[in-house]
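So you know, we letter chains A, B, ... as the sequences are listed, proteins then strands, and number each from 1. The analysis underlying the following values was restricted to heavy atoms, covering all of them including side chains, and did not include hydrogens, waters or symmetry mates. This one's a predicted model, so the numbers in the text were calculated from it and none came from an experiment.
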Amino acid sequence: MVTAIGAHTLRILSHPVEIAYFFTQFLKLLARQLGTGRFRFRQTVDQLYSVGVESAGVIFFSIGVVSLILVLEFSFHMKLVLHQDSLVPAFSTVLLIRELGPVVTALLLVSRVGAGLAAEIATMKITDQIDALRLLSIEPFDYLVVPRWIAVWLAAVLLTILSIGVAILGGATIAAIKLGYGFGEYFNSMFTFSHFSDLIGCIIKASVFGNLLPLIACYHGFKAKPGSEGVGMAATSAVVEGSIVVILADFVVTYLFYTL
Amino acid sequence: MADKSVPILEARKVAFRFEGAPRPLFSGIEYALEQGDSVGMLGPTGAGKSVLLKVLAGLFMPTSGAVYFRGVSLKKMKRSQWKAFRRALGMTFQKDGLFDSLSCGDNLKFPLFEVEGLSGKEADSRVEAALESVDLRGQKDLRVYEMSGGMQKRLGLARALLFKPQVLLYDEPTAGLDPITSRNILELLSRQQQGEIQPTVLMVSSQPHQIESLTSGAAFLNDAKLDPPKSWAKAKAEKHTALAQFLSGSLEGPLTAELGDQP
Amino acid sequence: MMAVLRNSAWSTIGELGKTTMFGCEVVGNLLRYGTPFRGLLLQMYVVGVRSISTTVFTGFFVGAIMAIQIHLQLRDFGAQAFLGGLSASVTLRNVGPLLIAFILSGKVGAYTTAELGTMQVTDQISAIRCLGMDPIRYLVAPRFLAVVVSSFLLLVIGLMTAIGGGALIAALDLGVNTLNYVQNIPTIVTGWSILTGVAKSFVFGVIIAAVSCYRGYTTRNGASGVGENVKSASVQTLVTIIIADFALSNWIGGLMDFCTEVLGW
Amino acid sequence: MIEFKKVSKRFGQKQVLNELSFHVQRGEILFLLGRSGVGKSVTLRHLVGLVRPDSGEIFVDGREITHLSESEFLEVRRKCGMVFQFPALLDSLNVYENVAFGVRALKIRPGNEERDWVLEKLRLVHLPPSVADLMPAQLSFGMQKKVSLARTLAIHPAYLLFDEPTTSLDPVATRVIHELIHSLSRQLHVTSLVISHDMDGALEYADRILVIDKGQIVAGGTPAQMRQEKHPLVRDFLGGSA
């Protein structure tokens, strides 16, 4: 059992060096693309559309339900501790904006977009398309990765903000139905705790996730072993490592942003 | 013109081992492809022929040793030299490597735009001419999955020839095709070699009879070692060697043991 | 845009139906034939033990994050004393199972989908059928049971480490002395909260198993099919887990009210 | 005896099988040849119920199988052992477990006799007992194909169905596999239906050859008859061989 953990951590430790190399390559190519004005604008927009629209439905639905759960949970706890639940909207909204909004959106993006991206690149690799690109002296990273990377980054930020909006609406409706709050009441008491800096914190989290996600997905896509087994493993590793990194990054950002 | 003496593509003491594999796929490979040569590379299924071809094409980094293009090691190449190396190379892949998200015509138009910045009417005429040369006239709008095995091989060939390469590398050009489609592909390959300048060709295959007419001789990769290329006459004259058994396809000989065969 | 949302919602409901039917078929198969214990243990090792480090890692940080967040809110209220109980209760009842199940849907679920998907695509499953055997009984059922059992155990381990994580971060950084952090927990964390946490862990384990086995088993068209199914499996798992979380919270909440008011526990 | 009667099957716009009719006699080695993509391996998949026809009937030993339920099909599959083009071994099990998998599940042999039964099957495909403990990944492609053949043999099928057994194999491996198919059929009195596009192999090893094109049988006969066959497609196939 110890060797399993040892091997696992070793594998994780060997990654950062390669992932760091991947990240620098991305920055270098992005700068070159922007510099030489050959930025693949149309392709990035196509990717943004497919990433954004494709995952919007699932994310809004999930965040909406999560906010319903939050409101119920907090009313349960508030009654237990403070014996009155006037602060429920405030607490649930704050936790949503600071924490669950970005994290749940990111985790959904990791599984839908992360796995999809890793699988797509892995499939192209085992059907020799990546080698074909390199032979035509087209840098696969430049053509495949940079547009998708930017698209995922923008989509993550946009979807997080939109989903929080949806969540607040969801929270307000459940509060009205279950706890007898009027909409007006809910909205003005909502912002007692959360203030503008929380929104900034949320955007920072979303863009951190939005960058880590394509980084890990593309890394596993390019590293895929031959055969259909390689594709499955690439997608799985993208989902697994993507989600772990989201949780870890969330902790780091939360710690830095809020406790300091 | 490049001077004749330096081989166009050369491997010196090249070895390759997959990550986590107990022993190297092949090692100590000495091989030189001269300008204008047309050579085959034979070997049992799974001997690593395709991997060696990809190492020569600079797609795989060798575990040890180095590959030289016109005397310059791939490891020490600057970006511009690397681009020139790529332009000089044309390669078809065993699994074709066609861009399955694009149509048949776009598989050619895309590289034309990316590499030479061609677009519009000029690109269309280049695409039409390329499809014409591989008997795919008028198939521009077909999707890749709508094309038969033979048609996909021909499109792969058209793409490999798009930038008039000096060296052509074919990886199992007739793998998985029935004899009739294979013969069409082989005819197409020989037509490419009738052109004015004699392109240098290295053809990997496990079917010796099919590539005999297209190549002057063949190297033999077996048991992690490479027999240097020899003419078909000399190869056939061999007795009691793995190559002799490979060419005759008989049951007696060292290759059978590799298949774990104890009748 | 609306069309995309509508048909994706519609297809998910359709998928949920098919997954539940597949799940029932596998469970029926398990009840009728059972599965060799040795094979089950091996599967549980492959699926479960491999993910212990990930679960402990995730649990710890989820607990820590919740402790920080709740501490921030309570601080404005000067009610830090409740930190231990509140963060443990929120983690145990809701956020813990949800986020840890999310991670397991990748580590355990996506892995199983990829494995079964690869076996389907390389004709291994057809080969088993051609040997005159039922692949559900020999390949899917052991994995299904292994995933359910190991997900449940991993979730419980994850929840415990989450509470530990909360306590540690509270002591190290938030200046809350561990002793009264821990003492405060039983005051708020009732038997019902523990029941909710355990029930959710079990239900989430079953969801992860059902969706990942179904998606793996129904993989089509080659290598890209495997990648496609891993993607849709993990998304479908997440959405189903969220729905189940909401349903369970309500249902157990209702049950609790019923017991306390009517039976007067 | 296997018989196809006017079997048709369509995938999207492609009419893959078009009222296909043929039969396979007991104990014979029948090669079904055709160009790639004309529905050869689909024919095999119909026989083991992996695919159901749109119309027509299929008889295995006199029993009509197209309308059987999945569980009823299990017995038919035990009789028709299928060997796939790619070895499709369970890569988490070693060679012994792969071959014993079917035997143990179907309780063909009691525990103590299982080991001899498995080693006997490995010997039949000319593999040494030492191979039993290796993992599939450690075997050469040719050896993996032999293990998958041993696995199918382990459940003692009456029919052996081969889906392109020698496609893209080198000449030596091709002859080894063909030699095995021939010797097994004779030794075990098993009927073999081989899907292939290797005309040389067919002429040398088959008792009877059928050529399929556009979902129908266009020519058939013994190897000797086929050498004189006038049908253009057969001539083309023959032209292909040395």
Check: Measuring from C:Thr58:OG1 to A:Phe251:CZ, what's the distance to the nearest 0.5 Å?
Finding: 13.5 Å
Margin query: Let's test your reading of the structure: which of A:Ala122, A:Ala234, A:Gly116 forms the most heavy-atom pairs below 4.5 Å with chain C?
Written below: A:Gly116
Note to self: Is A:Leu72 close to chain C through its backbone or its side chain, or both, or neither, when contacts mean heavy atoms under 4.5 Å?
What the structure shows: side chain
Next item on the list: Select one option (side chain, backbone, both, neither) describing which atoms of A:Ile126 are under 4.5 Å from chain C's heavy atoms.
Entry: side chain
Note to self: Testing the 3.5 Å rule here: is there a donor-acceptor pair between the side chains of C:Ser193 and C:Thr190?
What the structure shows: yes
Check: If you tally heavy-atom pairs under 4.5 Å against chain C, which of A:Ala115, A:Gly232, A:Ser111 wins?
Finding: A:Ser111
Checklist line | Contact origin within C:Ile169 toward chain A - heavy atom pairs under 4.5 Å | finding: side chain
Check: Going by atom types only, do A:Lys205 and A:Thr254 share a side-chain donor-acceptor pair under 3.5 Å?
Finding: yes
Check: Given that the side chain runs from C-beta out, which part of A:Thr123 has a heavy atom under 4.5 Å from chain C: side chain, backbone, both or neither?
Finding: side chain
Notebook entry, point to check: Does C:Arg143 make a cation-pi contact with C:Tyr111 (under 6.0 Å, within 45 degrees of the axis)?
Noted result: no
Notebook entry, point to check: With no hydrogens and no angle check, is any side-chain donor or acceptor of C:Asn184 less than 3.5 Å from a backbone partner on C:Gly85?
Noted result: yes
Notebook entry, point to check: Side chain, backbone, both or neither: which part of C:Met119 has a heavy atom under 4.5 Å from chain A?
Noted result: neither
Margin query: Please classify the contact of C:Val121 with chain A as side chain, backbone, both or neither, using a heavy-atom distance under 4.5 Å.
Written below: side chain
Margin query: Please rank C:Ser89, C:Gly117, C:Gly225 by heavy-atom pairs under 4.5 Å with chain A and give me the top one.
Written below: C:Ser89
Check: Side chain, backbone, both or neither: which part of C:Asn250 has an atom under 4.5 Å from a heavy atom of chain A?
Finding: side chain
Note to self: Among C:Gly106, C:Ser234, C:Ser232, C:Gly227, which residue has the highest count of heavy-atom pairs closer than 4.5 Å to chain A?
What the structure shows: C:Ser234
Note to self: To the closest 0.5 Å, what do you measure between CZ (A:Arg148) and CG (A:Asp46)?
What the structure shows: 10.0 Å
Check: Using non-hydrogen atoms only, which part of C:Val90 is less than 4.5 Å away from chain A: side chain, backbone, both, or neither?
Finding: both
Item checked: Contact origin within C:Phe246 toward chain A - heavy atom pairs under 4.5 Å -> both
Item checked: Side chain, backbone, both or neither of C:Asn94 within contact of chain A (heavy atoms, under 4.5 Å) -> side chain
Margin query: Rounded to the nearest 0.5 Å, what separates atom CD1 in C:Ile100 from atom OG1 in C:Thr161?
Written below: 6.0 Å
Item checked: Selection from A:Val113, A:Leu100, A:Leu248, A:Val246 maximising heavy-atom pairs under 4.5 Å formed with chain C -> A:Leu248
Note to self: Below 4.5 Å, heavy-atom pairs only: which of A:Ile69, A:Val231, A:Val104 has the largest tally toward chain C?
What the structure shows: A:Ile69
Next item on the list: Give, for atom OG of C:Ser212 and atom CG of C:Leu116, the distance between the pair rounded to the nearest 0.5 Å.
Entry: 7.5 Å
Checklist line | Residue, of C:Ile65, C:Thr113, C:Leu98, that accumulates the most heavy atom pairs under 4.5 Å with chain A | finding: C:Ile65
Next item on the list: Determine whether the side chains of C:Glu15 and C:Gln236 contain a donor N or O and an acceptor N or O closer than 3.5 Å.
Entry: no
Next item on the list: Go through the steps to decide whether A:Leu95 and C:Met66 satisfy the test side chain to side chain contact (heavy atoms under 4.5 Å, CB included), and finish with yes or no.
Entry: CA-CA 9 Å; A:Leu95 193 61; C:Met66 287 321 295; 4.0 Å; yes
Item checked: Check: A:Tyr219/A:Ser237 side-chain N/O donor and acceptor closer than 3.5 Å -> no
Check: Can you say whether A:Val103 sits under 4.5 Å from chain C via the side chain, the backbone, both, or neither, judging by heavy atoms?
Finding: side chain
Next item on the list: Answer with side chain, backbone, both or neither: which region of C:Ser249 has an atom nearer than 4.5 Å to a non-hydrogen atom of chain A?
Entry: side chain
Note to self: I need the minimum non-hydrogen distance between A:Ile63 and A:Ala167, along with the two atoms involved.
What the structure shows: CG2-CB, 3.3 Å
